[in-house]
Amino acid sequence: MEAETVTVIDEEGNEEEIPLEDVEVGDQMKVRPGEQIPTDGVVVDGQSAVDEPMVTGESDPVEKSDDDEVVGSTINENGVLVVEATKIGKNTVLQQIIQAVKEAQSRRPDIQNLADRISASSCPRSS
């Protein structure tokens, strides 16, 4: 669900495409229309609508401009954004959602444990 490469902009304004795992907090990333926002960050330049239903549940894109927070893996709709990375790797919202789902799937609900105990105690034992 995450972008594989990122266009980073250095202090001189030069652009370079690098792997997502090489992005560091504070890096400025260029996000073109139709691209995924690579990681959680803050818009430092530009204006665009961002499609973020996986995070907010909102079906309509949300307008973003300077100083607005954006979430990694959401989709930049129509403008060019420059985003400063604020969270990377396991600290991003997407990775926290994935971890919460994994934990929820691995735990047995209390009601399931109760049902197992009841069925185990009420089954006749064979001799």
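Quick note: residue numbers are just sequence positions, from 1. Treat the numbers as computed from the prediction; the structure is a model and nothing was measured.
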Requested in this report: Only counting residues at least two apart or in another chain, list the ones meeting side-chain hydrogen bond (donor to acceptor under 3.5 Å, both in side chains) with Ser48.
Outcome: Asn76, Asn78
Query raised in the report: In terms of hydrophobic clusters joined by side-chain contacts under 4.5 Å, are Val25 and Val43 together?
Result: yes
Query raised in the report: If you group Ile, Leu, Val, Met, Phe, Trp and Tyr by side-chain heavy-atom gaps below 4.5 Å, do Val62 and Val80 land in one group?
Result: no
Query raised in the report: Step by step, would you call Leu20 with Glu4 a side chain to side chain contact (heavy atoms under 4.5 Å, CB included)?
Result: CA-CA 5 Å; Leu20 176 62; Glu4 293 181 13; 6.0 Å; no
Requested in this report: Only one of Val31, Ile37, Ile75 passes side-chain contact (heavy atoms from CB on, under 4.5 Å) with Val50; say which it is.
Outcome: Ile37
Shortest non-hydrogen separation from [X] to [Y] and the atoms involved:
| X | Y | value |
| --- | --- | --- |
| Val70 | Val42 | CG2-N, 4.5 Å |
| Glu24 | Ile88 | CA-CD1, 4.1 Å |
| Ser59 | Asp51 | O-OD1, 4.1 Å |

Report task. Ignoring hydrogens and angles, tell me if any N or O in the side chain of Asp40 forms a donor-acceptor pair with the backbone of Gly72 under 3.5 Å. Result -> yes
**Report entry** Close side-chain approach of Thr7 to Met29, heavy-atom, < 4.5 Å
**Finding:** no
**Report entry** Non-neighbouring partners of Val44 that pass side chain to side chain contact (heavy atoms under 4.5 Å, CB included), sequence neighbours left out
**Finding:** Gln28, Val82, Glu84
List the atom pairs, with distances to 0.1 Å, where a side-chain N or O of residues 10-17 and a protein N or O form a donor-acceptor pair under 3.5 Å, not counting sequence neighbours.
residue : atom : partner : partner atom : Å
Asp10   : OD1  : Glu12   : N            : 3.0
Asp10   : OD1  : Gly13   : N            : 3.0
Asp10   : OD1  : Asn14   : N            : 2.8
Asp10   : OD2  : Asn14   : ND2          : 3.3
Glu15   : OE1  : Arg32   : NH2          : 3.0
Glu15   : OE2  : Lys30   : NZ           : 2.7
Glu17   : OE2  : Thr5    : OG1          : 2.9

Report task. Output every pair passing side chain to side chain donor-acceptor pair (under 3.5 Å) with a member in residues 62-71, not counting sequence neighbours, ordered by first then second residue. Result -> none
